[in-house]
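Worth knowing before you read on, the calculation uses all heavy atoms, side chains too, and leaves out hydrogens, waters and symmetry mates. Bear in mind that the values here come from a model prediction, so they are computed numbers and not experimental data.
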Amino acid sequence: MEFILLRVLASLTVILATSHAALTPELYWKSKLPNTQMPKSIKDMLQQQSDFMEDKSTSVGVGTGGVNVDAGKGKPGGTKVGVGNGGVGVDTGKPGKGTSVGVGKGGVAVHTGPKGKPVYVGVKPGPSPFDYRYAATETQLRDDRNVALFFIEKDLKPGTTMSLHFTKTSNSATFLPREEAKTLPFSSDKISDILDHFSVAPGSVEAEMMKDTIKECEEPGIKGEEKYCTTSLESMIDYTSIRLGNNLKAVSTEVKKETQLEKFTIKEGVRKIAADESVVCHKQNYAYAVFYCHKTLDTRFYMVPMKGVDGTEAKAIAACHTDTSAWNPKHLAFQVLKVKPGTVPVCHFLPEDHIVWFHN
């Protein structure tokens, strides 16, 4: 009996350590990048993760069904962790309306809402505008919120007015700890298993977005582009520091409040923040935080202070690509700006949850 109890307590230690590991990307950041300030967008995602993991009072029970951890006051809305024959189960929120995470024989499942599907807001209208191989679809030209983000570099000056809709990606997925993310398949030949893990119906909007993300990650980059999809904050840090070193800056677009499409005017104080090698990481549509990162050499980055007609302040990150000759001629940028590949520097503002890394 004593041996069984010790085994159960050892298992519980591993479980609690795993739960704690979900909160340690900040510590990994500090250890690898001690002089780099964390961008607001990453802080926000980590805070969402922290809010999910936080518990106010925790009780642990060991019984015949395994180990049960109940955080809260026993009322709907608390957090419950159960370890039994089926693996590890975490349930948060009111029955049928909260968020549940299950780790068992099927892997990790993240469910939100009564239908138990990953969180997605909006519908992805076409290929990613930040993947330069793809042609824009008619739907994308008509409906994509990112259409307004493209402009010509000569327009990047105080007084220029643009109609913009600063957005985040269409999901609110947060980071998984690297060790957890490494246990999950992430390849086209495993798509059936992936959809099953996350209880996503084949052929659904969610399924198609996840398939598109994996496809974009698997395809080779354009000429001169080194790309990689990171499935955790730790892997993003490693990818970037290996290519640029540890003395880095990381920035993202910051907008004081969420806005709809409205006119923004560029203010005084536009400044170039990077013009040599850099790494840009674009958040993708997926059940957890996946970033399409690529090292760039022919891109200038600017910090652009802006103000909306309603008074909204923004510090927008603009990327200006000086060599677009390898882009798809039907890319969204060329169709919007009415220019041809390789003729003029093409610029775009980055959404709030995209990250630019460069030398400090």
Side-chain angles (χ1 to χ4, degrees), residues 37-48 50-51 112 119-126 128-130 136 139-174 209 249-274 280-285 289 291 299-321 332-333 335-339 345-356:
Q37 185 175 351
M38 188 178 287
K40 181 179 181 299
S41 59
I42 290 182
K43 288 181 181 179
D44 289 346
M45 277 188 280
L46 291 175
Q47 183 59 51
Q48 291 169 5
S50 177
D51 290 344
T112 299
V119 178
Y120 289 98
V121 180
V123 177
K124 187 179 181 184
S128 168
F130 307 108
T139 300
Q140 189 175 20
L141 284 168
R142 184 182 67 248
D143 299 335
D144 195 338
R145 297 172 296 180
N146 291 303
V147 165
L149 296 180
F150 289 95
F151 60 96
I152 302 298
E153 190 175 23
K154 67 180 180 63
D155 294 328
L156 196 59
K157 58 186 179 182
T160 298
T161 298
M162 303 178 181
S163 293
L164 298 171
H165 182 194
F166 288 109
T167 68
K168 297 182 180 180
T169 50
S170 62
N171 72 357
S172 57
T174 59
M209 286 194 288
K249 284 189 176 181
V251 296
S252 60
T253 292
E254 295 185 16
V255 184
K256 292 296 183 181
K257 66 177 183 179
E258 186 174 346
T259 66
Q260 297 301 314
L261 183 66
E262 67 173 86
K263 288 186 178 180
F264 279 82
T265 300
I266 298 179
K267 300 165 56 180
E268 296 286 344
V270 176
R271 60 186 177 90
K272 188 183 296 183
I273 57 175
V280 185
C281 294
H282 307 282
K283 192 178 184 188
Q284 303 297 292
N285 288 307
F291 282 79
T299 307
R300 293 187 282 263
F301 292 93
Y302 297 87
M303 178 72 77
V304 186
M306 310 188 80
K307 189 172 184 178
V309 292
D310 68 348
T312 300
E313 299 278 350
K315 291 182 179 178
I317 304 300
C320 292
H321 303 274
L332 180 64
Q335 298 194 58
V336 170
L337 300 175
K338 309 300 183 184
V339 298
V346 170
C347 304
H348 59 82
F349 290 112
L350 290 173
E352 293 178 72
D353 48 10
H354 294 204
I355 315 297
V356 178

**Student:** Quick one: side-chain contact (heavy atoms from CB on, under 4.5 Å) partners of T161, sequence neighbours excluded?
**Tutor:**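 Scan of T161 (side-chain contact (heavy atoms from CB on, under 4.5 Å), adjacent residues dropped) gives K263, T265.
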**Student:** Among residues at least two apart in sequence or on other chains, which ones pass side-chain contact (heavy atoms from CB on, under 4.5 Å) with K315?
**Tutor:**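 With sequence neighbours excluded, K315 shows a side-chain contact (heavy atoms from CB on, under 4.5 Å) to M303, given in chain and number order.
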**Student:** Mind checking the OG1-CD1 spacing from T174 to I42? Nearest 0.5 Å is all I need.
**Tutor:**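 If we round to the nearest 0.5 Å, T174:OG1 and I42:CD1 are 13.0 Å apart.
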**Student:** So, K283 side chain and A173 main chain: donor-acceptor pair closer than 3.5 Å or not?
**Tutor:**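 Pair found, side chain donor or acceptor close to backbone of A173.
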**Student:** Holding to salt bridge (Lys or Arg N to Asp or Glu O under 4.0 Å), I want the full list of residues that pass it with E153, two or more places apart in sequence or in another chain.
**Tutor:**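 Checked E153 against salt bridge (Lys or Arg N to Asp or Glu O under 4.0 Å); matches are R300.
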**Student:** So, for Y302 and I273, which heavy atoms are closest and what is the spacing to 0.1 Å?
**Tutor:**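 The answer is N-CG1, 4.0 Å.
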**Student:** Nearest 0.5 Å, please: how far is NE2 in H165 from CZ in F264?
**Tutor:**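 It is 9.0 Å, given to the nearest 0.5 Å.
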**Student:** Counting only heavy atoms from other residues, nucleotides and ligands, does the tally under 6.0 Å from CD of E313 exceed 12?
**Tutor:**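 For E313, atom CD is crowded (more than 12 foreign heavy atoms under 6.0 Å).
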**Student:** Working to the nearest 0.5 Å, report the span between CG of D155 and OG1 of T160.
**Tutor:**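 Result: 5.5 Å between the selected atoms.
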**Student:** Just distance, no hydrogens or angles: give the donor-acceptor pairs under 3.5 Å from side chains in residues 304-312, sequence neighbours left out.
**Tutor:**
unit_1, atom_1, unit_2, atom_2, d
D310, OD1, T312, N, 3.0
D310, OD1, T312, OG1, 2.8
D310, OD2, T312, OG1, 3.2

**Student:** With sequence neighbours excluded, tell me which residues meet side-chain contact (heavy atoms from CB on, under 4.5 Å) with T253.
**Tutor:**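 Per chain and number, T253 pairs via side-chain contact (heavy atoms from CB on, under 4.5 Å) with F166, V255, A316, I317, L350, E352.
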**Student:** Please give me the minimum heavy-atom distance between S252 and K40, naming the atom from each residue.
**Tutor:**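 Smallest heavy-atom distance, with atoms named: OG-N, 4.2 Å.
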**Student:** Do F301 and V280 come within less than 4.5 Å of each other through their side chains, counting heavy atoms only?
**Tutor:**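 Yes, close enough: below the 4.5 Å cut-off.
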**Student:** Between V336 and L332, does a side chain to side chain contact (heavy atoms under 4.5 Å, CB included) hold up when you go through it step by step?
**Tutor:** CA-CA 6 Å; V336 170; L332 180 64; 3.9 Å; yes
**Student:** Just jot down the side-chain hydrogen bond (donor to acceptor under 3.5 Å, both in side chains) partners of H321, sequence neighbours excluded, or say none.
**Tutor:**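 H321 satisfies side-chain hydrogen bond (donor to acceptor under 3.5 Å, both in side chains) with Y132, T299, H348 once adjacent residues are dropped.
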**Student:** I need the C347 SG to K154 NZ distance, nearest 0.5 Å.
**Tutor:**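 If I round to the nearest 0.5 Å, the distance is 11.0 Å.
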